[in-house]
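Before any comments, here is the structure.
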Amino acid sequence: MSATTGSASGLPTLAVAGATGTVGAVLLDLLSIRRDVYGEIRLAGSARSAGRVLQVRGAPAEVVPLAPGVFAGADVAIFAVPDAVAAEWAPVAAARGAVAVDASRAFRTAADVPLVVPEVNPERVRDRPRGIVAGPGCATLTMIAAVGALHDRYGLRELVIASYQAASGAGRDGVDTLYAQLEKVGGDRTLGHRPGAMRGAVGDLGPFPAPLALNVVPWAGTGEDGGWTSDEIALRDETRRVLGLPDLKVSATCVRVPVVIGHSMAVHAVFEEPVDQREAQGILARSPGVVLCDNPDTHEFPTPSDAAGTDPVWAGRVRRSLDDPHALDLFLSGDNLRKGAALNTVQTAELVAAELTA
């Protein structure tokens, strides 16, 4: 049921729900390479996953069915599971005495559940009346550390965002669909010249409303009022909550692109104070969780293929707006499965663990 990490006795016990999923696999990798802060790590999953043996910090751990007993004696419980599963089981973990750290959307809008990004608002992790801590979505996490650092200096007033979101943001089905479509259309150079030809060629659209191969799809999430999507509304709401700016103006257009891993964001940020390009670049270069990659002379700028498999968000194309001395334009890329999901969850759980052992 569990894997002993070899830590000194008295360290917190961690339960991981969803260990066999796409995000769960990245999460276990992160637990194996980061500082060892747990005395015991337990893995739980669906009945279909039960019995699998995974490696955690070099030791075998058997996946057990998700049940209340998984959380008995656990201090921290990480949830990398679908929304409905988290909504059911995170309160169970909290009732058993564990602090639940959830990566799903289940609690992101709950007023009594803090929405935490350790680089931006780590102090909020202690304000958890329900014993649950949530993290933002992968799109928000692609930009929030960089934007938050700039906000601390200049005072953020408004954001206009275009996202370029990878197929993996739609889960394993999204990745499988993209590869299947590419196999069907990659060798046909007649495609892309006639309306509707790509739809006929790719066949199954999977979780996307239009072909993703050799295309971009200006839709991510589900439909909301006024023609917005749930991902676009989430970017607005989550950014406001994390930065503590309830009236921040945010307008987002979320676009799905034929990239396997790595979300990117084109950000136009308007501030209270006049901005300076060099100073802004320096702020980003010094910010935790951000890497500056910005040299127009050598064509150094972020791309998702460079960011994939890395922990930080990559920032570049930093420019002061041509028409507004209070505005900056920049481009960001980050691994949506690492910082966009698993890493933020692991970092937040580490804050909880540190609190429990202080």
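Residue numbers count from 1 along this sequence. FYI, side chains are in, hydrogens and waters are out, and symmetry mates aren't considered; it's all heavy atoms of this structure.
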Does any part of the side chain of Phe331, heavy atoms only, come nearer than 4.5 Å to the side chain of Phe301, both counted from C-beta? no

Steps toward side chain to side chain contact (heavy atoms under 4.5 Å, CB included) verdict (Leu212, Leu182): CA-CA 9 Å; Leu212 189 59; Leu182 289 172; over 6 Å; no

Decide yes or no for Thr253 and Trp219: does some side-chain heavy atom of the first lie under 4.5 Å from some side-chain heavy atom of the second? no

What do the steps show when you test Glu279 against Ile283 for side chain to side chain contact (heavy atoms under 4.5 Å, CB included), and what is the final call? CA-CA 6 Å; Glu279 183 183 44; Ile283 290 170; 4.2 Å; yes

Please tell me whether Ser46 and Ser49 have a donor and an acceptor in their side chains that are separated by less than 3.5 angstrom. yes

Going hydrophobic residue to hydrophobic residue with side-chain gaps under 4.5 angstrom, can you get from Leu191 over to Val257? no

In terms of heavy-atom contacts, does CZ of Arg124 have more than 12 from other residues, nucleotides or ligands at under 6.0 Å? yes

Please walk me through it: do Asp311 and Arg338 pass salt bridge (Lys or Arg N to Asp or Glu O under 4.0 Å)? CA-CA 6 Å; Asp311 287 343; Arg338 292 182 80 86; 2.8 Å; yes

Can any side-chain N or O of His326 pair as donor or acceptor with the backbone N or O of Glu272 at less than 3.5 Å? yes

Is there a side-chain contact between Glu40 and Leu14, using heavy atoms and a 4.5 Å cut-off? no

Is the closest basic N to carboxylate O distance between Asp294 and Arg317 below 4.0 Å? no

Can Val16 and Leu31 be said to form a side chain to side chain contact (heavy atoms under 4.5 Å, CB included), step by step? CA-CA 11 Å; Val16 179; Leu31 289 173; 4.2 Å; yes

What I want to check is whether the side chains of Ser321 and Asp323 have a donor and an acceptor closer together than 3.5 Å. no

Tell me if a side-chain donor or acceptor on Gln181 pairs with a main-chain N or O of Asp204 at a distance below 3.5 Å. yes

Return yes if a side-chain donor-acceptor contact under 3.5 Å exists between Asp231 and Gln165, otherwise no. yes

Do the side-chain N and O atoms of Asp29 and Ser32 include a donor-acceptor pair separated by under 3.5 angstrom? no

Checking the side chain of Arg153 only, and the main-chain atoms of Ala149 only, is there a donor and an acceptor separated by less than 3.5 Å? no

Distance-only donor-acceptor check, side chains Thr310 and Asp335, under 3.5 Å: no

Enter the distance from Tyr38:OH to Leu11:CG here, rounded to the nearest 0.5 Å. 10.5 Å

So that I can tick it off, tell me whether Asp83 and Arg105 are bridged by a salt bridge, with the cut-off set at under 4.0 angstrom between side-chain N and carboxylate O. yes

Can a salt bridge be assigned to the pair Glu119 and Lys339 using a cut-off of 4.0 Å between side-chain N and carboxylate O? yes

For side chain to side chain contact (heavy atoms under 4.5 Å, CB included), just list the numbers for Trp228 and Ser251, CA-CA rounded to whole Å, side-chain angles, deciding distance to a tenth of an Å, and then say yes or no. CA-CA 10 Å; Trp228 297 96; Ser251 180; 3.9 Å; yes

Is there a side-chain contact between Trp314 and Val290 in this structure, where contact means two heavy atoms from C-beta onward sitting under 4.5 Å apart? no

Do Val101 and Leu115 sit in the same hydrophobic cluster, where Ile, Leu, Val, Met, Phe, Trp and Tyr count as joined when their side-chain heavy atoms come under 4.5 Å apart? no

Charged N-O contact under 4.0 Å between Glu355 and Arg128: yes

Side chain of His263, backbone of Gly334: donor and acceptor closer than 3.5 Å? no

Look at the side-chain heavy atoms of Ile, Leu, Val, Met, Phe, Trp and Tyr, link any pair under 4.5 Å apart, and say whether Leu284 and Val242 land in one connected group. yes

When you compare the side chains of Ser230 and Thr222, does any donor N or O come within less than 3.5 Å of an acceptor on the partner? yes

Drop me the distance from Arg157's CZ to Lys249's NZ, to the nearest 0.5 angstrom. 7.5 Å

Are the side chains of Leu28 and Leu43 in contact, using a 4.5 Å heavy-atom criterion? yes

Spatial distance of atom CG (Leu159) from atom CZ (Arg236) [nearest 0.5 Å]: 12.0 Å

Same cluster for Val117 and Leu248 if Ile/Leu/Val/Met/Phe/Trp/Tyr side chains link at under 4.5 Å? yes

Check: Thr239 and Ile144 side chains under 4.5 Å, non-hydrogen atoms: yes

Side-chain contact test, heavy atoms from C-beta onward, threshold under 4.5 Å: evaluate it for Cys254 versus Leu235 and give yes or no. yes

Output for pair (Phe208 CZ, Arg256 CZ), nearest 0.5 Å, gives 5.5 Å

Asp237 CG to Arg241 CZ distance, which is reported to the nearest 0.5 Å: 9.5 Å

Just by modelled atom types, is the Gly135 backbone N or O under 3.5 Å from a matching donor or acceptor in the Arg108 side chain? yes

Is the closest basic N to carboxylate O distance between Glu238 and Arg240 below 4.0 Å? no

Do Leu328 and Val120 share a hydrophobic cluster (ILVMFWY, side-chain heavy atoms under 4.5 Å, transitive)? yes

With a 3.5 Å distance limit and no angle check, can you tell me whether Thr357 reaches the backbone of Ala353 through a side-chain donor-acceptor pair? yes

Verify, without hydrogens or angle tests, whether Asn344 (side chain) and Gly340 (backbone) share a donor-acceptor contact under 3.5 angstrom. no

Heavy-atom side-chain contact between Leu214 and Met198 under 4.5 Å: yes

Interatomic spacing from OH in Tyr164 to OG1 in Thr303 - rounded to 0.5 Å: 14.0 Å

When you measure from the side chain of Asn336 to the backbone N and O of Cys138, does any donor-acceptor pair fall under 3.5 Å? no

Under 4.0 Å between a Lys/Arg side-chain N and an Asp/Glu carboxylate O for Arg34 and Glu350? yes

